[in-house]
Number of protein chains: 2
Amino acid sequence: MTAATTPPARTGRPAKRVAIDRAARVVFGREGYIRASVDSIAAEAHVSKRTIYNHYQDKEQLLLCVLKESTHAVAEHQEELIDRHLASPVDLEAELVALGCALATPQSGFKEHFALVRVIFAEASRLPGEVTDSWRTEGPGRTQARLARHFATLSAAGRLRTDEPQEAAAHFTQLVTSEAYERSFHGALPLPADELEALVTAGVRAFLRLYGARS
Amino acid sequence: MTAATTPPARTGRPAKRVAIDRAARVVFGREGYIRASVDSIAAEAHVSKRTIYNHYQDKEQLLLCVLKESTHAVAEHQEELIDRHLASPVDLEAELVALGCALATPQSGFKEHFALVRVIFAEASRLPGEVTDSWRTEGPGRTQARLARHFATLSAAGRLRTDEPQEAAAHFTQLVTSEAYERSFHGALPLPADELEALVTAGVRAFLRLYGARS
DNA sequence: CTTCGATTGCACCGTCCGGTTTACTTTCTG
DNA sequence: CAGAAAGTAAACCGGACGGTGCAATCGAAG
């Protein structure tokens with residue numbers, strides 16, 4: 001009833017589809033898989049429930065599709081953050097702190113995607129193994145690899161000191177973001193900005209004690 | 001029908017109660033809060049559903065009660081592990097590795113308790129704030145404090161080197177256990193023993209590079 | 001044995017949910 | 001314009017669930 005007046009645009013087929021996907025992402029993230037009813041997803045998408053079942057076989061397929069999308073969205077967003085802060089850092093410590101804060105607190109329109117990551121954790125034991133596996137490789141795996149690449153470059157430039165950038169990247173995420181993640185229940189509850197910054201700066205200092213250039 | 005033959009013992013009133021609690025812990029942990037039906041909990045406890053509602057006001061109160069119990073059980077178990085490995089360590093690195101493995105993989109009858117921790121994460125945004133808060137202080141907070149105490153002692157004995165045992169304890173859990181936690185989806189999926197040991201030993205080595213005695 | 005409280009089985013209520021059916025309308029295309 | 005493709009609203013189905021009412025039962029204490 002909403003899109004009736006506005007000509008649906010000649011974007012073509014996937015017009016309703018993207019609305020469904022967006023709505024499913026929102027509702028799944030907000031309610032979790034079971035609480036999210038197909039009716040509420042349809043309402044959120046301003047779409048008939050039948051239309052959802054025209055696009056997806058059942059509720060689970062809808063979830064899996066949306067999970068896959070979100071995995072890529074989060075990964076690309078984080079890769080972008082990493083590049084932005086580590087491409088040519090002037091004050092390395094400050095950039096690492098800023099990057100850590102950005103990675104640990106999903107901002108802008110990505111909260112829904114991070115909420116879906118929580119769904120992956122909640123449903124992990126009930127999801128097909130290929131889903132959890134591909135999430136790890138396409139999600140955290142990609143950001144960790146991107147981190148490692150930058151660390152290798154920085155090490156070659158004398159800004160860091162490590163022979164194993166992979167391990168350094170792992171230690172960065174562990175020291176800098178893992179506690180903020182857990183403290184905020186994976187982003188489900190808000191973490192005061194000052195606490196976040198304290199956690200991240202402490203982690204970055206430890207990281208630089210491990211891998212800083214001037215020892 | 002099961003306890004009919006055996007005399008219910010004069011343990012007194014809470015006989016059925018503990019059965020209910022145990023069953024709720026098992027089923028909530030296995031299925032999550034919503035999937036766990038009160039009927040299935042009653043079946044697992046070999047108890048009438050009506051009896052559950054004689055002991056608890058509703059399903060949510062049952063969950064909250066069981067969560068509180070599990071918080072303490074996990075905390076005590078982990079404190080015990082910490083004491084056992086760090087009371088008088090001969091080979092400190094080996095003990096730290098063993099402790100890290102023990103902390104990162106819930107064994108014996110504690111898997112159900114750890115499964116409930118997953119429920120806390122899954123329901124965090126829908127739980128009363130006091131519940132999540134008290135979980136943090138009574139759960140991870142206690143184990144971290146116990147770790148810090150041992151690190152302070154070890155530092156005084158010259159086995160470690162840190163002025164801030166609190167921070168050292170945080171970095172230990174982050175470097176040693178956090179990745180194993182995330183890799184296993186908080187214990188929901190099994191993590192191969194060799195991978196676990198590799199993660200933990202790498203974390204311990206980094207920890208000792210940060211806080212080891214001989215530098 | 002009687003009494004009393006705890007427990008039990010079971011039917012029941014209202015609700016919600018995943019998914020389907022049907023009949024109708026819209027929109028694009030040729 | 002004709003007709004296919006897509007969308008819509010609404011009723012509907014079978015099943016599950018949280019929670020209650022109630023009569024019957026059990027076990028121990030007096």
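Hydrogens, waters and symmetry mates are skipped; everything else that's a heavy atom, side chains included, is used. Numbered from 1 within each chain, the chains take letters A, B, ... in sequence-line order.
- Atom CD1 in Ile20(B) sits about 12 Å away from atom C1' in dT8(C), given to the nearest Å.
- With rounding to whole Å, Asn54(B) atom CG is found 9 Å from dT8(C) atom P.
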Checklist entry - How does each nucleotide of nucleotides 18-24 of chain C score, in 5' to 3' order, for protein heavy atoms under 4.0 Å: base (B), sugar-phosphate only (S), or none (-)? => result BBBB---
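- Residues passing the side chain to side chain donor-acceptor pair (under 3.5 Å) test with Glu197(B), sequence neighbours excluded: none.
- Residue pairs that meet the ring-ring contact (aromatic ring centres under 6.0 Å, His included) test with at least one member in residues 122-142 of chain B, sequence neighbours left out, are Phe185(A)-Trp135(B), Phe121(B)-Trp135(B).
- With sequence neighbours excluded, the residues satisfying ring-ring contact (aromatic ring centres under 6.0 Å, His included) with Phe28(B) are Tyr33(B).
- Per the geometry, CG belonging to Leu63(B) stands 17 Å off P belonging to dC17(D), to the nearest Å.
- Each salt bridge (charged side-chain N to carboxylate O under 4.0 Å, His left out) pair with one or both residues in residues 45-58 of chain A, not counting sequence neighbours, appears once here: Asp39(A)-Lys49(A).
- Between the NE2 atom of His46(A) and the C1' atom of dA6(D) there is a distance of 19 Å, rounded to whole Å.
- Under 4.0 angstrom from either OP1 or OP2 of dT7(C) there lies at least one side-chain N or O belonging to His55(B).
- In this structure, Phe28(A) atom CZ and dC17(C) atom P are separated by 13 Å, rounded to whole Å.
- Distance CG (Leu62(B)) to C1' (dC17(D)): 15 Å, rounded to an integer number of Å.
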Could you pull out all donor-acceptor pairs under 3.5 Å where a side-chain atom in residues 186-196 of chain A meets a protein atom, sequence neighbours excluded?
unit_1, atom_1, unit_2, atom_2, d
Glu195(A), OE1, Arg183(A), NH2, 2.7

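- Distances shorter than 4.0 Å separate none of the side-chain N or O atoms of Ser48(A) from OP1 or OP2 on dA9(D).
- A salt bridge does not link Glu123(B) with Arg118(A): none of the charged nitrogens is closer than 4.0 Å to a carboxylate oxygen.
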